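Below: one structure, written as structure tokens.
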Amino acid sequence: MDIDLIDETDFPNYSKSTGKRPAFVPVDDAHPFDLEAYISTYTGKTVVYRLIHIISICPTLAPQAFQLAVQHILQGRDPNLYQSLIIAYDTTAKTLPDAELPPHTDLAVIDQQWIDETNTKNQAERSKLEVELKTYTSNMIKESIRMAHRDLGNFYRSVGDYSSSLKHYTKSREFCTSSQHIVDMCMSVLELLLEQRNYAHIATYVFKADGALENAAARSNAAPNAAQAATLPPDAQQVAKAKAAAERERVQTKLDVATALSHLAQGAYEKAAQSFLKAGPIKNLEEWATKIVAPGDIAIYATLSALATFSRSAIKSNLLDNDSFGVYIEQEPYVRELVEAYMGNRFKTVLELLERYSTRHYIDLYLSTHVNNLVLEIQSRALVLYFQPFASIKMDRMSQAFGWTPEFLEQQVVHLIQKGEIHARVDRQNRILKAKVVDQRAELFSRAVKSGADIQSTNRKLLLRMRLQQSDLIVKPPKNQNQNQNHIDFLGDGH
């Protein structure tokens, strides 16, 4: 199944990002990307979803991604993914007729026999699970009913029927008999929502899971009865508490990641970075590390969000000096290089790294729509930080420091001046950026005069009120209103 990669020059719609998301992203020497190494870190349906996204945004890899997607679809039980895959590939091929992508029928043969057999098996499995649910419901066995709803939720999720899956997951809540059951239900729903990329209800189920964890912790700290507590040796009590704390940390890590992905999707980058940086050890992610989001992805999301929103001190304390998060950063070595270049004022290196790995960022399922916003925020902060120590600086020197043309740098600086992020003015004749000099003494006198005028105005109003009261020039409420008010007060006292 060898594939000849397509030359990026065949893509007339591709252009370097300058504030707008490119229609397609390249894979070449300047933008390296290994598809097989990247996709090997994931399992389950997220592999197919990521490959479909790659097909839609990277024509160079579309044929290879199509073949890999077919292989993974055959390992699952959702035949509908075939149709989604073919639509994505054909849409990309029609958008770029000059790229001459081979027809999907030349890349892989659709296995109609597998589709028919899988549909038959799914129908039989669904009938079996529905019969079990009816049986348990008639017998009124709460735990069995809960497990039946859970199994149906898992089944519908595996076949791509997300609405039915969510219905059965939430229905199982009525039959939960412990806090752990509620936590399990919430985690199943969160996995479903993240797989579906439906972020609207994530905060709700994170809150419910937090509440269930609090209840479980309260019950574990309070002994069920004195006799049972007395029979437990001190070591056993410590082991039980340690086990409960480890379970809490395991679940909390997933809740932090789910919350962070929700914030990222909504464009709340600072909150997203804070939540990602709170994530516990990688081992706590368990199956999420392959089914939802890889540790390397978390490192990229957190770093880009932090660079776009955090101050230098916050980046140092929360990112560089964060030993627990350092394990995530090691999954993507260039991330540490990016942060260290930013902290060392080597902004040209920062921008070069962002450009070099831009394809890696754009093909990410959760990050793709936010890459431009994050890069622009990082660029803006870098310009502000670079200019802060100077009273004036030559534009040519700044353009060399950022690796930009003088014209492009001037556009960026003017934009930041208009936004009020850089307090300076541009001398176009001499090509110099000069900081606005503030006369501190004049500003102090101005504030003093304004405060005096405000106090004078307030005093006039007070004196006017006093004179009106002395002259009995006050509008009093009607007598009926006073009587009604007294009657209401009388009834309110309960007499």
Side-chain angles (χ1 to χ4, degrees), residues 43-46 48-49 75-81 118-119 121-217 219-220 243-244 246-248 250-255 257-259 261-262 284-293:
T43 59
K45 297 179 75 171
T46 190
V48 180
Y49 291 139
Q75 298 172 12
R77 57 190 308 174
D78 184 4
N80 294 325
L81 289 176
T118 303
N119 285 330
K121 291 179 182 178
N122 290 343
Q123 181 64 32
E125 180 71 12
R126 187 184 69 177
S127 299
K128 174 191 169 186
L129 293 173
E130 289 177 346
V131 168
E132 289 180 354
L133 175 60
K134 290 180 181 179
T135 303
Y136 295 142
T137 303
S138 62
N139 294 334
M140 296 300 292
I141 306 173
K142 291 190 69 174
E143 177 62 11
S144 298
I145 296 173
R146 181 188 71 83
M147 295 178 66
H149 280 295
R150 180 201 63 188
D151 293 342
L152 272 168
N154 292 338
F155 166 76
Y156 281 118
R157 176 185 170 190
S158 67
V159 300
D161 189 349
Y162 291 121
S163 59
S164 297
S165 177
L166 181 61
K167 182 184 72 173
H168 283 285
Y169 280 144
T170 54
K171 189 70 175 177
S172 67
R173 171 66 180 87
E174 301 175 14
F175 305 95
C176 292
T177 56
S178 69
S179 298
Q180 186 59 46
H181 291 166
I182 297 175
V183 171
D184 292 341
M185 182 275 295
C186 290
M187 299 310 295
S188 296
V189 173
L190 287 173
E191 285 185 35
L192 177 67
L193 294 175
L194 289 174
E195 185 176 293
Q196 194 181 4
R197 295 187 295 285
N198 179 4
Y199 306 101
H201 302 293
I202 286 180
T204 300
Y205 286 95
V206 168
F207 179 78
K208 290 181 179 180
D210 274 329
L213 288 174
E214 291 292 342
N215 291 336
R219 291 180 181 178
S220 64
K243 185 177 179 180
E247 175 66 17
R248 170 67 187 257
R250 180 186 68 83
V251 176
Q252 190 62 51
T253 298
K254 294 182 180 179
L255 295 181
V257 170
T259 302
L261 288 173
S262 176
N284 290 343
L285 290 174
E286 297 178 329
E287 72 280 358
W288 278 33
T290 57
K291 286 187 176 181
I292 305 296
V293 58

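As the structure is a prediction and not an experimental result, all values here were calculated from the model.
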Could you measure the distance from the [atom1] atom of [X] to the [atom2] atom of [Y]? Nearest 0.5 Å is fine.
X	Y	atom1	atom2	value
Asn122	Arg77	CG	CZ	5.0 Å
Glu214	Asp210	CD	CG	7.0 Å
Lys142	Met140	NZ	CE	8.5 Å
Ile292	Glu286	CD1	CD	12.5 Å
Asn284	Glu247	CG	CD	9.5 Å
Ile145	Glu132	CD1	CD	12.5 Å

Side chain to side chain donor-acceptor pair (under 3.5 Å) partner of Glu191, the single match among Arg157, Gln196, Lys254: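 Answer after filtering Arg157, Gln196, Lys254: Arg157.
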Side chains of [X] and [Y]: is there a donor and an acceptor less than 3.5 Å apart?
X	Y	answer
Asn139	Thr137	no
Glu195	Tyr49	no
Gln123	Asn119	no

Quick check: do [X] and [Y] have side-chain heavy atoms less than 4.5 Å from each other?
X	Y	answer
Met187	Leu190	yes
Leu255	Leu213	yes
Asn154	Tyr169	yes

Heavy-atom closest contact ([X] atom, [Y] atom, distance):
X	Y	result
Gly160	Asp78	CA-OD2, 3.5 Å
Thr170	Lys167	OG1-O, 2.9 Å
Ala258	Ile202	O-CG2, 3.7 Å
Ser165	Tyr156	N-CB, 3.6 Å

Check against side-chain contact (heavy atoms from CB on, under 4.5 Å), Leu133 and His168: CA-CA 11 Å; Leu133 175 60; His168 283 285; 4.3 Å; yes
